[in-house]
Protein chains: 2
Amino acid sequence: METPAIVKGVLRPDVKFQQCPIKASMGVFGRKWTMLLLRDIGFRKIDRFNHLLESIPGLTPRVLSMRLRELERDGIIRKMDDQTSPGIVRWTLTEKGEDALPILMRLIAFGSKWYAKDVFEDKVPRSLNEIFTKPEAQQIVQRLYES
Amino acid sequence: METPAIVKGVLRPDVKFQQCPIKASMGVFGRKWTMLLLRDIGFRKIDRFNHLLESIPGLTPRVLSMRLRELERDGIIRKMDDQTSPGIVRWTLTEKGEDALPILMRLIAFGSKWYAKDVFEDKVPRSLNEIFTKPEAQQIVQRLYES
DNA sequence: CTGCATCCGATCGGATACTG
DNA sequence: CAGTATCCGATCGGATGCAG
């Protein structure tokens, strides 16, 4: 049987699972480049096809096109209408896409603590608080506490 | 250049990035079955090879063996010495592995909200609080607030 | 500028059988 | 029980070139 995600005693007994939510989520986020794409669109506000291509070394137009289409079909990103510039396509997160950012934050936290040798020049592990500046960061980190 | 993960204004200027922490983290967690394995070892305390094999439909011994080896090499899981039963291997999370659970929690939160049609029998989206029972769950969810 | 088409090589992982 | 070994098919994605 498809199994509930967490140990029995901790789960509300009245909640009936059909499929594991982790498995469901990984369907989208499991593909190569997807997380880095969400990082660039969501955090860095890189919204143009060619800019995304430049910002992610190794990513090819073919795969970028595929990922954008998948994320769009899944309702995680959408094209913004920018009528001022014709022929220009801009990608943004939907509400669903914004909800994916806490996952990214946790990947950042994990990577900054456990892969500091690769991540930081000084090779010193850091927590989220040690990476982000106070005021703005709090707003982003706040998202972790929502929902 | 390999780029910092987040918009410039939000990042502490003195923190020099060498590689993106998201990219670093995805190296391990990006592979097929890995997240479900961590779910079963970390949350459900399924610790035996054959039990893991049964608990995850579609997973084959070959791939399970590979994933366990990768996770072990990366320091995320380890074999527990259980001297009472000879020939029995038990897998547990290391401290590093425990630190991966908040990522799983976020995947659960996302999946429960946005893939409710697949996840729940009654197809109703739920937040984490609506999935877990009060006392024990708080301890798990607390992990989200640490580090 | 934003993609799509074609081609092809590498890799990943599924099936099955087998071993200490 | 806890894995390995071998084989092979599918998929994924890189390279390149082209189109609206």
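Here is how names work: the chains are called A, B, and so on, in the same order as the sequence lines, proteins then strands, and each is numbered from 1. This is a predicted model, so every value here is computed, not measured.
Across every non-hydrogen atom of A:Arg106 and B:Pro102, the tightest pair is CD-CB, 3.5 Å.
The nearest whole Å value for the distance from the CG atom in A:Leu53 to the P atom in D:dG13 is 15 Å. Computed from coordinates, the A:Arg31 CZ to C:dT11 C1' distance equals 16 Å when rounded to whole Å. Put simply, CE on B:Met66 is 10 Å from C1' on C:dT11, counting in whole angstrom units. Between the CD1 atom of B:Ile46 and the C1' atom of D:dC1 there is a distance of 16 Å, rounded to whole Å. Whole-Å rounding puts the B:Glu70 CD to D:dG3 P distance at 14 Å. C:dG3 atom C1' lies 9 Å from atom CG of A:Leu64, rounded to whole Å. The nearest whole Å value for the distance from the CE atom in B:Met80 to the P atom in D:dC1 is 18 Å. Residue B:Arg67 contributes atom CZ, which lies 13 Å from atom P of D:dT4 at whole-angstrom precision.
The shortest distance between the side-chain N/O atoms of B:Lys32 and the OP1/OP2 oxygens of C:dG14 is below 4.0 Å. Contact check, A:Thr60 against D:dG13: no side-chain N or O comes under 4.0 Å of OP1 or OP2. Proximity of B:Arg48 to the phosphate of D:dA2: a side-chain N or O atom is located under 4.0 Å from OP1 or OP2. For B:Trp91, no side-chain nitrogen or oxygen approaches OP1 or OP2 of D:dC1 to under 4.0 Å.
When each of D:dA2, D:dG13, C:dG3 is scored by its nearest atom to the side-chain atoms of B:Ile88, the top-ranked nucleotide is D:dA2. For B:Val63, the listed nucleotide lying nearest its side chain is C:dG13; candidates were C:dG3, D:dG3, C:dG13.
Residues forming a side-chain hydrogen bond (donor to acceptor under 3.5 Å, both in side chains) with A:Asp47 (at least two apart in sequence, or on another chain): A:Arg90.
The residue among B:Phe49 and A:Trp33 whose nearest nucleotide of DNA chain D lies closer to the 5′ end is B:Phe49. Between B:Leu59 and A:Asp47, the residue anchored closer to the 5' end of DNA chain C is A:Asp47, taking for each the nucleotide with the nearest heavy atom. In this structure, A:Pro61 and B:Pro61 both approach DNA chain C, and ranking their closest nucleotides by distance from the 5' end singles out A:Pro61.
More than 12 non-hydrogen atoms from other residues, nucleotides or ligands lie less than 6.0 angstrom from NZ of A:Lys123.
Under the 4.5 Å side-chain heavy-atom criterion for grouping Ile, Leu, Val, Met, Phe, Trp and Tyr, A:Met66 is not connected to A:Leu38 through any hydrophobic cluster.
Counting any heavy atom pair closer than 4.0 Å across all strands shown, A:Arg90 reaches no nucleic acid atom.
The base of C:dG3 lies outside donor-acceptor range of the side chain of A:Arg62, with no N or O pair under 3.5 Å.
With B:Arg39 as the fixed residue, the side chain to side chain contact (heavy atoms under 4.5 Å, CB included) test singles out one of B:Leu37, B:Leu36, B:Ile41: B:Leu36.
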